[in-house]
Amino acid sequence: MSDVNTTTAPDSGPAATLTRLEQEGEIAADYLEGLLDIADLDGDIDMDVEGERASVSIIGDPTSRELNKLVGRDGEVLEALQELTRLAVHRETGERSRLMLDVAGFRARKRAELAKLGASAAAEVKESGRPVKLDPMTPFERKVVHDAVAAAGLRSESEGEEPERRVVVLPA
C-alpha cells in the first residue's frame, strides 16, 4: 500500500472544476474496470461531466442482460455500486464525490420516466390548485422530479424521513 500526498490548488474557476470532475471520472472508470474484470462481466465505460458532477456509465451489449446483475431490483445494486465508486474516488482524492453512475442505461430510462411523472404531477396541481404528494423516492429520483416540476413553472419540496421521503408538488 502506498501513501499518496496531494495538494490541491485553490479553485481557479470552471476549468479547475472540470479538471477535478474529469479526474473523478478517471478514478471511477479504473475502479469499475477492475470490478468488471473480477466479476467477469463485459462492458465499456463512458465518462462525461454533467452539470457539476462526473458521470460514468457502464455500457454493455444491448442484446445481453448480463449487466443487469449490477443494477439489481429497482436499482438497489446500482445505488450500492455508486456509493462504493464514490468511496474509491474519495480514497484517491480526499474529497467527497457526487459522481453519478449508470449501468446499461437504467438511470437514463428512470430519469425519463421520472421527468414525465414530475410534469404530470405539475399539470395536475395547475389544474386542481391543490398540492400533490408522490410516492417515496430515492434522492436521485426526487432530484429529477424537482427539476421537472421547476421546468413546468411550479415549486416542490421533499418531506418525510428516509426511506419514506417524498416529493410534494405545490401550487404556484
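Just so you know, these numbers use all the heavy atoms, side chains as well, and skip hydrogens, waters and symmetry mates.
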### Task
Please test E50 against R53 for salt bridge (charged side-chain N to carboxylate O under 4.0 Å, His left out), starting from the C-alpha separation and ending with a verdict.
CA-CA 5 Å; E50 296 176 7; R53 306 181 165 211; over 6 Å; no
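- K116 has no carboxylate O lying under 4.0 Å from a charged side-chain N of E113, or vice versa, which leaves the two without a salt bridge.
- Between P131 and the choices L154, L170, V125, the side chain to side chain contact (heavy atoms under 4.5 Å, CB included) rule is met once, by L170.
- Residue D37 places its CG atom among more than 12 non-hydrogen atoms of other residues, nucleotides or ligands, all under 6.0 Å distant.
- Hydrophobic clustering, with ILVMFWY side chains joined whenever heavy atoms are under 4.5 angstrom apart, groups L99 together with Y31.
- A side-chain donor-acceptor contact under 3.5 Å links E141 to the backbone of T138.
- Listed by chain and number, the residues in a side chain to side chain donor-acceptor pair (under 3.5 Å) with S64 amount to none (sequence neighbours excluded).
- The side chain to side chain donor-acceptor pair (under 3.5 Å) check on K126 picks up nothing, with sequence neighbours excluded.
- For the 3.5 Å distance criterion, the side chains of H146 and S156 qualify, holding a donor opposite an acceptor.
- Put simply, F140 and V103 are part of two different groups of oily side chains (I, L, V, M, F, W, Y) that touch within less than 4.5 Å, one to the next.
- Residues passing the side chain to side chain donor-acceptor pair (under 3.5 Å) test with S128: none are found, sequence neighbours excluded.
- Every residue two or more places apart in sequence or in another chain that forms a side chain to side chain donor-acceptor pair (under 3.5 Å) with D61 is listed here: T63.
- A donor-acceptor pair under 3.5 Å is formed between the side chain of R107 and the backbone N or O of L101.
- When the side chains of ILVMFWY residues are joined at heavy-atom separations under 4.5 Å, either directly or via intervening members, L81 and I45 end up in a single hydrophobic cluster.
- Proximity of a side-chain donor or acceptor of T93 to a complementary backbone N or O of E95 within less than 3.5 Å is detected.
- Using modelled atom types, one side-chain atom of R109 and one backbone atom of A104 make a donor-acceptor pair closer than 3.5 Å.
- Side-chain atoms of D102 come within 3.5 Å of backbone N or O of F106 as a donor-acceptor pair.
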Below 3.5 Å, can you tabulate the donor-acceptor pairs from side chains in residues 159-169 to any protein atom, sequence neighbours excluded?
unit_1	atom_1	unit_2	atom_2	d
E159	OE2	K133	NZ	3.1
E162	OE2	R142	NH1	3.1
E162	OE2	R142	NH2	2.8
R165	NH1	G160	O	2.7
R166	NH1	L134	O	2.9

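- Contact check on E83 versus R86 returns a salt bridge, with a Lys/Arg side-chain nitrogen under 4.0 Å from an Asp/Glu carboxylate oxygen.
- The side-chain contact (heavy atoms from CB on, under 4.5 Å) search around L41 returns L36, A39, E66, L67, K69, L70, not counting sequence neighbours.
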